[in-house]
Protein chains: 2
Amino acid sequence: MEKETTIYDIAKLLNLSPATVSRALNDHPAINSNTKRIITATATEMGYRSNTFASNLRRQRTNTIGVIVPRLNSNFMSTVLAGMEKVANKSSYNLIISQSLESVKKEVANAKTMFNSRVDGLLVSVAYDTEKTDHFDAFTKKGVPLLFFDRVLDHKQGTSIVIDNVKAGYEATAHLIGQGCRRIMHVTGSLKRNVYIDRLEGYRLALLEAGLPYEEELIRMTDLSEEAGIEAASHIQSMAGRPDGLFIANDFCAVSCMSALKRAGLSIPSDIAVVGFNNDPVSTVIEPNLTTIDYPGEKMGEVAAQSLINHLNGTMNIQTTNRIVLHSELIVRESSLKSAIF
Amino acid sequence: MEKETTIYDIAKLLNLSPATVSRALNDHPAINSNTKRIITATATEMGYRSNTFASNLRRQRTNTIGVIVPRLNSNFMSTVLAGMEKVANKSSYNLIISQSLESVKKEVANAKTMFNSRVDGLLVSVAYDTEKTDHFDAFTKKGVPLLFFDRVLDHKQGTSIVIDNVKAGYEATAHLIGQGCRRIMHVTGSLKRNVYIDRLEGYRLALLEAGLPYEEELIRMTDLSEEAGIEAASHIQSMAGRPDGLFIANDFCAVSCMSALKRAGLSIPSDIAVVGFNNDPVSTVIEPNLTTIDYPGEKMGEVAAQSLINHLNGTMNIQTTNRIVLHSELIVRESSLKSAIF
DNA sequence: TTGTAGGCGTTATCAG
DNA sequence: CTGATAACGCCTACAA
């Protein structure tokens with residue numbers, strides 16, 4: 001375990017002052033380009049690596065971005081994170097990632113940790129049951145930029161990156177109606193979350209436009225888990241007026257529901273047409289392939305990280321833009337095609 | 001943007017020395033418990049948060065663990081990461097995560113960044129084509145513990161966490177043989193990686209034991225992507241002596257291959273029995289459900305992180321244990337059951 | 001273009 | 001049990 005070389009060591013060796021070395025290493029304009037060359041050369045030769053803490057301590061910034069997500073291990077989220085990592089890495093920012101596991105309590109704890117780690121900025125997608133935004137106030141109070149993505153909150157100072165969930169929900173439902181469905185069930189998540197309430201709103205609008213009634217009993221709030229899909233399926237079987245269309249706000253749940261319906265002898269789409277959400281890889285594995293909304297996860301991660309970084313570098317002000325909407329799209333597959341026009 | 005409170009502010013207010021405040025805040029045993037109480041109370045009241053950099057600078061450690069993975073957005077990896085995050089969070093370590101995107105070049109760059117970030121330890125699963133281990137030498141030279149998981153390297157000082165891939169490969173193959181398969185094709189990844197070469201070895205052993213010939217033409221090295229599965233399927237159809245069994249080293253690839261085979265009119269398992277690897281959620285979506293090897297991703301992440309942390313805390317020495325093997329298990333489903341004994 | 005000097009906030013050592 | 005003091009390594013006024 002050798003000792004670390006510091007700018008002092010380099011300075012001593014070259015008979016220069018540490019200040020000059022520091023400046024040279026940071027490519028300061030006021031340093032003779034020749035001295036610069038010599039300094040950087042000996043620096044690498046001596047195996048010098050800049051001490052981030054000393055630098056951070058001095059500069060009061062960390063080059064670190066905090067990320068809080070509900071879960072790491074969902075296809076969507078890991079794709080988002082992949083996008084963020086790409087961008088952050090390119091701009092030499094580090095990512096500190098933590099998961100709330102869908103619990104506000106843990107989200108609050110995570111926020112606190114991030115705060116103490118003094119992240120330069122924070123990217124958040126909130127948990128299932130988060131309602132208040134207090135735990136993020138500390139950040140805005142200290143001027144740490146806050147950016148919500150996908151599951152966003154109405155925070156006075158937070159910018160958000162989303163897709164148009166109303167439109168997506170509308171398209172999904174309108175498509176089912178276009179296929180002749182008249183009783184469409186909607187399986188969704190917590191209506192505290194924009195993503196779900198907005199999709200529901202889109203659903204409602206589509207029904208309204210088509211002159212179809214909005215019935216409470218056709219709306220199921222669940223946690224959109226695998227089990228929820230199975231339960232939804234058995235509920236459907238027990239219903240008096242069985243729905244002929246099904247719009248589930250998450251592919252993974254939709255797929256488990258479809259499997260259960262098929263096991264129960266229903267045929268898709270003829271008995272019941274199904275549309276999911278996310279364009280998860282499983283949607284092309286299930287048979288019939290699942291119609292869904294394509295959701296730009298990686299792009300969302302990239303945009304979120306890039307916006308934050310631009311803001312931090314002063315290239316762009318996030319506080320002025322307070323909402324960025326990404327494009328999403330209905331992808332029609334067999335699970336919803338009643339009219340067999342291929 | 002208010003000014004930060006420091007231990008000096010607290011000290012001044014309470015007429016104590018900063019040293020005492022520091023000790024109290026760190027729960028030092030030699031401090032009067034009453035003084036401690038008062039100090040912590042006013043600290044929270046003043047909105048004090050410890051400055052990690054100052055602390056790190058002083059202590060020469062970061063409480064940060066670096067993680068380098070091939071990709072963030074695979075079901076397996078994100079599950080591993082979820083496990084790591086849980087453990088790290090509990091022990092108040094931060095995780096800095098980066099992905100190599102299966103390229104050595106990026107892996108080297110990531111390692112460098114991690115090194116400069118002065119992570120306390122490093123968890124690595126190597127890229128598709130990594131061969132040399134030089135880029136990790138800097139860590140061991142500085143005494144930074146290095147732990148490989150899943151895709152490991154033979155590094156003199158690195159500990160590794162794996163499953164017994166030989167055994168798993170053996171079981172998968174032996175199971176197919178037990179179902180009456182006599183020509184078993186094996187689709188695998190880069191043989192530079194322990195996970196794939198070991199599974200191949202297991203495959204070989206099972207054939208050997210059953211007195212079946214090992215044929216080069218039945219081995220396909222691919223990148224195990226979705227496309228690779230489709231190509232494998234079309235290759236199978238073009239073969240003179242069509243295989244009656246198929247062992248694919250990755251569920252995702254296996255599933256796409258199965259779909260393609262089915263589209264081509266082959267029936268599974270009667271024409272060809274299939275076994276995958278990973279127990280990915282898709283394995284229970286595809287029809288018939290895919291027989292696979294259950295692979296403890298979350299556990300692997302937990303064990304990896306915990307071992308590293310224990311080592312860092314001096315609770316356990318990683319250098320002495322240089323290999324931890326987790327349990328894996330064959331899960332039999334319909335894709336491989338030729339004999340219909342359910 | 002380069003050097004001097006002070007401080008960022010903590011903690012470890014030594015002394016009381 | 002508490003205090004004084006000196007680092008940790010870097011950056012930046014200010015001075016030369």
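Owing to the predicted nature of the structure, the values given are computational and were not obtained by experimental measurement.
A side-chain donor-acceptor contact under 3.5 Å links A:Asn110 to the backbone of A:Gln99. A donor-acceptor pair under 3.5 Å is absent between the side-chain atoms of A:Arg61 and the main chain of A:Arg118, judged by distance alone. Of the possible polar contacts, none joining the A:Ser55 side chain to the A:Asn51 backbone as a donor-acceptor pair under 3.5 Å is found.
Atom pair A:Ile39:CD1 and C:dT1:P shows a separation of 13 Å (rounding to whole Å applied). The interatomic distance linking B:Gln60 (CD) with C:dA12 (P) rounds to 11 Å, in whole Å. Residue B:Lys36 contributes atom NZ, which lies 9 Å from atom P of D:dC1 at whole-angstrom precision. When rounded to the nearest whole Å, the span between CG of B:Asn56 and C1' of D:dC10 equals 15 Å. Summarising the geometry, the separation between CG on A:Asp9 and P on D:dG9 is reported as 9 Å, rounded to the nearest angstrom. The distance from atom CG of A:Leu57 to atom P of D:dC11 is 11 Å, rounded to the nearest whole Å. To the nearest angstrom, C1' of C:dT4 lies 13 Å from CD1 of A:Ile7. We find that CD1 of A:Ile10 is positioned 16 Å from C1' of C:dT2, with the value rounded to whole Å.
Summary of the strand contacts: A:Arg59 and B:Arg59 both lie near DNA chain D, and taking for each the nucleotide with the nearest heavy atom, the more 5' one is attributed to B:Arg59.
A salt bridge is absent between B:Asp129 and B:Lys192: the closest approach of a Lys/Arg side-chain nitrogen to an acidic carboxylate oxygen does not fall below 4.0 angstrom. In summary, B:Glu85 and A:Lys106 engage in a salt bridge, as defined by a charged side-chain N under 4.0 Å from a carboxylate O.
Closest to the side chain of A:Arg58, out of D:dT2, D:dC10, C:dA12, is D:dC10.
Ring orientation note: the planes of B:Phe53 and A:Phe53 are close to parallel, at an angle under 30° on the 30°/60° scale.
Counting any heavy atom pair closer than 4.0 Å across all strands shown, A:Tyr8 reaches a base atom.
For B:Ser50 and C:dG9, the shortest distance from a side-chain N or O to OP1 or OP2 is not below 4.0 Å.
Non-hydrogen atoms lying under 4.0 Å from DNA chain D are contributed by A:Ala19, A:Ser22, A:Arg23, A:Asn26, all within residues 16-30 of chain A.
Using modelled atom types and a 3.5 Å distance limit, the side chains of A:Ser117 and B:Asn94 yield a donor-acceptor pair.
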